[in-house]
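For reference, the structure discussed in these notes is given below.
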Amino acid sequence: MDGKANGAKLRGKIAGPTNPMVTPILTDLYQFTMAYAYWKAGKHNERAVFDLYFRKNPFGGEYTVFAGLEECIRFIANFKFSEEEISFIQESLPPTCEDGFYDYLRGIDCSDVEVYAIPEGSVVFPKVPLMRVEGPVAVVQLLETPYVNLINYASLVATNAARHRFVAGKSKLLLEFGLRRAQGPDGGISASKYCYLGGFDATSNVAAGRLFGIPLRGTHSHAFVSSFMSPDEIVEKSLRRYDGSSVCEDFVSLVQMWLNKIKWSNLLRGIFGETNQSELAAFTSYALAFPGNFLALVDTYDVMRSGVPNFCAVALALNEMGYKAVGIRLDSGDLAYLSCEARKFFISVEKEFGVSGFGKTNITASNDLNEETLDALNKQGHEVDAYGIGTYLVTCYAQAALGCVFKLVEINNQPRIKLSEDVTKVSIPCKKRSFRLYGKEGYPLVDIMTGENEPPPKTGERILCRHPFNESKRAYVVPQRVEELLKCFWPGSPDKEREELLPLKDIRDRCIHQLEQMRPDHMRRLNPTPYKVSVSAKLYDFIHFLWLNEAPVGELQ
Ligand SMILES: Nc1ncnc2c1ncn2[C@@H]1O[C@H](COP(=O)(O)OP(=O)(O)OP(=O)(O)O)[C@@H](O)[C@H]1O
Ligand SMILES: O=P(O)(O)OC[C@H]1O[C@H](OP(=O)(O)OP(=O)(O)O)[C@H](O)[C@@H]1O
Ligand SMILES: O=C(O)c1cccnc1
Ligand SMILES: [Mg+2]
């Protein structure tokens with residue numbers, strides 16, 4: 001068993017959802033009309049089992065990162081209608097609905113609901129339940145919309161982040177800059193949380209930093225650079241040495257001196273003439289404000305003729321004062337070419353002035369980056385150390401939704417099936433267990449679903465894994481390791497034993513670890529190999545028995 005996935009068991013109070021808009025009325029009207037009809041028919045307490053799953057991996061890939069579980073658990077742990085909400089539901093349903101229904105709503109909570117789920121941050125696959133929710137049918141029905149809502153975008157954007165990480169490579173720093181472009185405030189907060197979960201290193205979103213403890217990072221914008229007109233604007237020019245031993249009274253002149261040295265140095269001669277002085281003023285001013293964290297946006301006027309030499313002048317002046325400049329950000333132009341040119345310049349400066357490590361000055365790139373542009377940069381060769389990514393990441397531009405569904409699979413111990421002309425849309429009936437089977441090389445080989453009461457797969461014992469719908473697709477597997485996927489995250493009460501809800505950082509670690517464990521051909525961007533999802537022989541037979549039982553036989557005329 002995976003040590004991390006098999007977290008500590010816990011009891012005790014669970015906080016409410018992060019977003020206060022997540023209340024029992026954040027659902028579709030039809031959940032209430034169905035709840036009324038269940039109640040009216042006296043069916044509302046029938047025990048139902050629903051599976052939450054998706055049918056197809058997003059972004060043309062063969063894997064998905066499961067995210068959003070903690071918010072689902074927080075939601076049901078605090079599920080209770082307020083009087084105002086009940087009055088509003090009463091106004092929204094037809095007046096013929098009986099008052100007894102509202103008394104029923106007043107009394108419900110999720111103490112009779114059980115949620116089994118795959119741990120958040122796990123790598124998951126189509127058709128395998130991410131969550132199995134069991135409880136009184138009317139109550140669980142009300143959970144459908146908020147649950148699908150809480151999982152859909154979270155898993156989609158976490159997967160998008162993981163895919164960007166995969167292309168960028170392990171060693172690059174990935175910064176999420178999407179708040180201004182996200183789908184509203186909750187889209188922005190969720191994006192920051194789940195991009196971090198999916199492998200980003202930091203966010204520019206301050207509220208998300210506070211809410212989730214995500215590291216905060218940032219540079220400055222073109223507005224800051226273009227707000228300066230000339231170095232004469234800088235009034236407070238003094239800078240104390242890093243070690244506090246002395247003060248330079250005119251840092252602005254020190255910067256000018258370094259700019260001249262760069263200009264007339266042998267190695268660098270000819271690359272630039274006069275740099276933009278208002279840009280130099282902005283950089284100098286920023287360095288005076290943050291001498292220990294100096295990073296400059298260098299593309300406002302001209303990257304190689306102005307931004308980079310100006311940055312170097314300020315960085316060398318800082319170096320003389322005992323500070324190490326952080327780096328530059330490129331936000332337009334050919335990022336591969338400019339990063340290579342900037343790197344050459346830094347290496348020349350290191351050689352010319354003997355500033356050790358200057359050649360390794362950090363280069364951050366931004367500007368409409370996505371998987372494709374990252375891939376193109378890799379193919380061309382580049383010198384970027386960090387990427388700031390916004391629009392394409394947080395809006396999930398390449399795919400709008402994951403398409404999670406919440407389907408009834410059993411009621412009153414009777415398995416149920418949803419048929420469809422489209423075989424990928426046929427639901428897999430029964431209250432099920434699922435297992436991940438690992439092969440000799442340590443990679444996950446196949447996920448298998450079984451009926452709840454079947455003997456589970458065992459390490460070293462051969463088991464037949466069948467494609468759920470395609471008779472000819474089957475394989476014997478002798479697992480080297482068996483991991484049960486669904487664990488109890490909500491046993492109906494905070495006082496009963498349940499899986500611990502781990503800190504976001506631990507969930508992120510699990511995600512990164514699981515992605516690293518996957519066989520590389522499942523992960524590649526072009527034509528990845530599908531990961532196998534299967535059912536036991538017994539469940540296969542039962543699905544097809546129920547299918548034939550429920551499907552009417554047509555008549556040809
Ligand atoms: N070397 C590269 N290979 C592939 N794509 C790149 C490369 N460098 C930059 N890009 C991408 O090309 C696009 C360039 O955007 P665009 O054509 O709008 O120009 P720009 O650099 O933003 O210019 P401007 O500052 O005038 O708006 C961005 O999406 C960027 O990520
Ligand atoms: O490009 P994204 O992936 O969305 O990343 C965030 C962008 O937001 C900022 O500027 P903004 O786009 O607001 O202005 P700009 O177009 O002038 O760069 C930043 O400079 C990035 O370009
Ligand atoms: O800090 C940055 O550089 C930043 C933050 C948000 C959007 N674009 C850039
Ligand atoms: Mg932009």
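Everything numeric in this text was worked out from a predicted model, so none of it was measured. Counting from 1, the numbers follow the sequence of the chain as shown. Counting starts at 1 for both ligands and their atoms, in listed order.
Taking every heavy atom of Ser204 and a limit of under 4.0 angstrom, the matching atoms of ligand 3 come to 5 (C), 6 (C). In the vicinity of Gly218, heavy-atom distances shorter than 4.0 Å reach the ligand 3 atoms 1 (O). Contact atoms of ligand 3 toward Arg180: 6 (C), 7 (C) (distance under 4.0 Å to a heavy atom of the residue). When each atom of ligand 3 is checked for a heavy atom of Thr219 under 4.0 Å away, the hits are 1 (O), 2 (C), 3 (O).
The side-chain tip of Arg132 does not point at the ring of Phe50 from less than 6.0 angstrom away and within 45° of straight on. No cation-pi contact links Arg163 to Phe59, judged by a cut-off of 6.0 Å to the six-membered ring centre and 45° from its axis.
Checked by atom type and distance alone, the side chain of Arg510 never pairs as donor or acceptor with a backbone atom of Gln514 at under 3.5 Å. Without hydrogens or angle criteria, His222 side chain to Thr300 main chain gives no donor-acceptor distance under 3.5 Å.
Residues Asn160 and Tyr397 have side chains that never bring a donor and an acceptor to within less than 3.5 angstrom of each other. For the residue pair Arg181 and Thr391, a side-chain donor N or O sits within less than 3.5 Å of a side-chain acceptor on the partner.
Atom 9 (C) of ligand 3 has Phe177 CD1, 3.3 Å as its closest protein atom, hydrogens excluded (heavy atom only).
For ligand 1, residues of the protein lying within 4.0 angstrom by heavy-atom distance are Ser332, Gly333, Asp334, Leu335, Ala336, Asn367, Asp368, Leu369, Thr373, Ala376, Leu377, Gln380.
Between Leu69 and Ile151, the shortest heavy-atom distance links the atoms N-CD1, 3.9 Å. Between Phe200 and Arg508 the shortest heavy-atom distance is O-NH2, 2.8 Å.
Under the 30°/60° scheme for interplanar angles, the aromatic rings of Phe79 and Phe75 are found to stand perpendicular.
Not one N or O of Arg217 is nearer than 3.5 Å to an N or O of ligand 3, by distance alone.
A salt bridge links Arg525 to Asp375: one of the charged nitrogens lies within less than 4.0 Å of a carboxylate oxygen. Using a 4.0 Å cut-off between a side-chain N of Lys or Arg and a carboxylate O of Asp or Glu, Lys193 and Glu71 qualify as a salt bridge.
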Quick one: table the atom pairs, ligand 2 N or O against protein N or O, below 3.5 Å, distance rounded to 0.1 Å.
unit_1: ligand 2; atom_1: 1 (O); unit_2: Asp368; atom_2: N; d: 2.7
unit_1: ligand 2; atom_1: 3 (O); unit_2: Gly390; atom_2: N; d: 2.8
unit_1: ligand 2; atom_1: 3 (O); unit_2: Thr391; atom_2: N; d: 3.4
unit_1: ligand 2; atom_1: 4 (O); unit_2: Arg181; atom_2: NH1; d: 3.2
unit_1: ligand 2; atom_1: 4 (O); unit_2: Thr391; atom_2: N; d: 2.9
unit_1: ligand 2; atom_1: 4 (O); unit_2: Thr391; atom_2: OG1; d: 2.5
unit_1: ligand 2; atom_1: 5 (O); unit_2: Gly390; atom_2: N; d: 3.4
unit_1: ligand 2; atom_1: 12 (O); unit_2: Arg181; atom_2: NH1; d: 3.3
unit_1: ligand 2; atom_1: 12 (O); unit_2: Arg181; atom_2: NH2; d: 2.8
unit_1: ligand 2; atom_1: 13 (O); unit_2: Arg180; atom_2: NH1; d: 2.9
unit_1: ligand 2; atom_1: 13 (O); unit_2: Arg181; atom_2: NH2; d: 2.9
unit_1: ligand 2; atom_1: 18 (O); unit_2: Asp331; atom_2: OD2; d: 2.8
unit_1: ligand 2; atom_1: 20 (O); unit_2: Arg329; atom_2: NH1; d: 2.9
unit_1: ligand 2; atom_1: 20 (O); unit_2: Asp331; atom_2: OD1; d: 3.3
unit_1: ligand 2; atom_1: 20 (O); unit_2: Asp331; atom_2: OD2; d: 2.8
unit_1: ligand 2; atom_1: 22 (O); unit_2: Asp331; atom_2: OD1; d: 2.8
unit_1: ligand 2; atom_1: 22 (O); unit_2: Asp331; atom_2: OD2; d: 3.4

Next item on the list: Go through Tyr196 and Phe212 one step at a time and tell me if the side-chain contact (heavy atoms from CB on, under 4.5 Å) criterion holds.
Entry: CA-CA 10 Å; Tyr196 181 65; Phe212 309 117; over 6 Å; no
